[in-house]
Structures are given as structure tokens and as C-alpha cells.
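Before any comments, here is the structure.
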Amino acid sequence: QVQLVESGGGLVQAGGSLRLSCVVSGGTFSRYGMGWFRQAPGKEREFVTAISWNGGHTYHEEFVKDRFTVSRDNAKNTVYLEMNSLKNEDSADYYCAAVQNVEPRLPLEALVPGSYDYWGQGTQVTVSS
């Protein structure tokens, strides 16, 4: 059974940084494209960023451009989300997700939550003024 466990969330002041981690177990991590999504209270889950199985291709939403960086370490079965210059509007529960895909480029479906096979339980990020 594939399990995803996120960590690294917390309370941070605006302008600060956090690094989220997501460890995958029970499957072959290098066969998964990985995505990060977030969901704020009362809002729909939204795409943040995604990375292909070997890290060679990424997607990211415009609102995270130049602030967030996704990376992965296949030897550690872990995907990371480095978040800098955090804003109040970045406050949300952050989820990692896995989709079975070993193509060199992620398909556009990687931006859609329903495309993913497995999800973590989420980690909360709160950005204060």
C-alpha cells in the first residue's frame, strides 16, 4: 500500500520560509510523478507545482513563480517544496500526491487533482502578518 506523509508545515511570519517534505513508502518512488496542492478553508484544492519522476520536468502555478521550488531525491523517496517569501495568502493545508508516470515530461493532467493516484494527509502552513 502506497503511503505519503508530509511534514514541515507550521506557523511562519510573512516573508519567511518553510520547506515541506513528503516521504513515499510502499511503492517505487521513481515511477511516480509528484505534485503539491493546497487547500485553504472554504476554497477548492488548487495546484501548486509538480515534478516528473526524474526531476527533469516541472510545472508550477504562476503565483509561486520565483518563490517556491519543487525538488525530489529518489534515493530518499522524498519530494520537497521549498517556499520562500511567504505571503498571508499562502496559508493553507498543503498536500503531496503521486501519479504513476515515467514519461520525460509530465502531461497537463498533472495540474488536475483527479489525475493523481495517491495522496498524503496534508500539512498545515499558516503565514502571519
Determine whether Leu11 and Ser128 satisfy the following criterion, side chain to side chain contact (heavy atoms under 4.5 Å, CB included), listing intermediate values before the conclusion. CA-CA 7 Å; Leu11 175 64; Ser128 64; 4.1 Å; yes
Distance col, row Tyr59:OH vs Ser52:OG, nearest 0.5 angstrom, shows 10.0 Å
Give the cluster check for Phe63 versus Leu86: same hydrophobic cluster or not, with ILVMFWY residues linked at side-chain heavy-atom distances below 4.5 Å. yes
What are the two closest non-hydrogen atoms of Pro113 and Trp119, and how far apart are they? O-CZ2, 3.3 Å
State yes or no: do Val48 and Val12 share one hydrophobic cluster built from I, L, V, M, F, W and Y residues joined by side-chain heavy-atom distances below 4.5 Å, directly or via other members? yes
Hydrophobic cluster membership, Tyr95 vs Leu4, 4.5 Å side-chain cutoff: no
Using modelled atom types only, decide if a donor and an acceptor are shared between the side chain of Thr123 and the backbone of Gly9 within a distance under 3.5 Å. yes
Any side-chain heavy atom of Val2 within less than 4.5 Å of one from Tyr32? yes
SG/Cys22 to OH/Tyr94 distance, rounded to the nearest 0.5 angstrom? 15.0 Å
Less than 4.0 angstrom from a charged side-chain N to a carboxylate O is my criterion; do Arg45 and Asp93 meet it? no
So the side chain to side chain donor-acceptor pair (under 3.5 Å) pairs with at least one residue in residues 104-116 (sequence neighbours excluded) are His57-Arg105
NZ or CZ of Arg19 within 45° of Tyr80 ring axis and under 6.0 Å: yes
Exam field: side chain Glu103 to backbone Pro107, donor-acceptor pair closer than 3.5 Å: no
Closest non-hydrogen atom pair, Ala40 against Ser91: CB-O, 3.8 Å
Among residues at least two apart in sequence or on other chains, which ones pass ring pair (Phe, Tyr, Trp, His ring centres under 6.0 Å) with Phe68? none
Step by step, work out the side-chain hydrogen bond (donor to acceptor under 3.5 Å, both in side chains) result for Asn88 and Ser129. CA-CA 7 Å; Asn88 294 89; Ser129 301; 2.9 Å; yes
hydrophobic_cluster_shared for Ile51 and Phe29, side chain cutoff 4.5 Å: yes
More than 12 non-hydrogen atoms from neighbouring residues, nucleotides or ligands closer than 6.0 Å to CH2 on Trp53, yes or no? no
Heavy-atom closest contact (Gln13 atom, Val127 atom, distance): C-CG1, 4.0 Å
Is it the case that the ring center of Phe37 lies less than 6.0 angstrom away from the ring center of Phe47? yes
For Glu89, is the CD atom crowded, meaning more than 12 foreign heavy atoms sit under 6.0 Å from it? yes
Carefully, step by step, assess His60 and Val70 under the rule side chain to side chain contact (heavy atoms under 4.5 Å, CB included). CA-CA 9 Å; His60 59 263; Val70 62; over 6 Å; no
dist Asn84:CG -> Leu18:CG (nearest 0.5 Å) comes out at 9.5 Å
Would you tell me whether Asn74 and Ser30 have side-chain atoms, one donor and one acceptor, within less than 3.5 Å of each other? no
What's the verdict on side chain to side chain contact (heavy atoms under 4.5 Å, CB included) for Trp36 and Glu6, showing C-alpha distance, side-chain angles and the deciding distance? CA-CA 10 Å; Trp36 284 98; Glu6 302 97 333; 4.0 Å; yes
Can any side-chain N or O of Thr58 pair as donor or acceptor with the backbone N or O of Ala50 at less than 3.5 Å? no
How long is the gap from CD on Gln100 to OG1 on Thr28, to the nearest 0.5 Å? 9.0 Å
Val24 vs Met34, test: side chain to side chain contact (heavy atoms under 4.5 Å, CB included). Steps then yes/no. CA-CA 10 Å; Val24 179; Met34 298 298 298; 3.8 Å; yes
Gap separating the OG1 atom of Thr78 from the CG atom of Leu20, nearest 0.5 angstrom: 12.5 Å
Contacts of type salt bridge (charged side-chain N to carboxylate O under 4.0 Å, His left out), residue Glu46, not counting sequence neighbours: Arg38
Between Leu106 and Leu108, is there shared hydrophobic-cluster membership here, with clusters defined by ILVMFWY side-chain heavy atoms closer than 4.5 Å? yes
What's the separation between atom CG in Asn77 and atom OG in Ser25, rounded to the nearest 0.5 Å? 8.0 Å
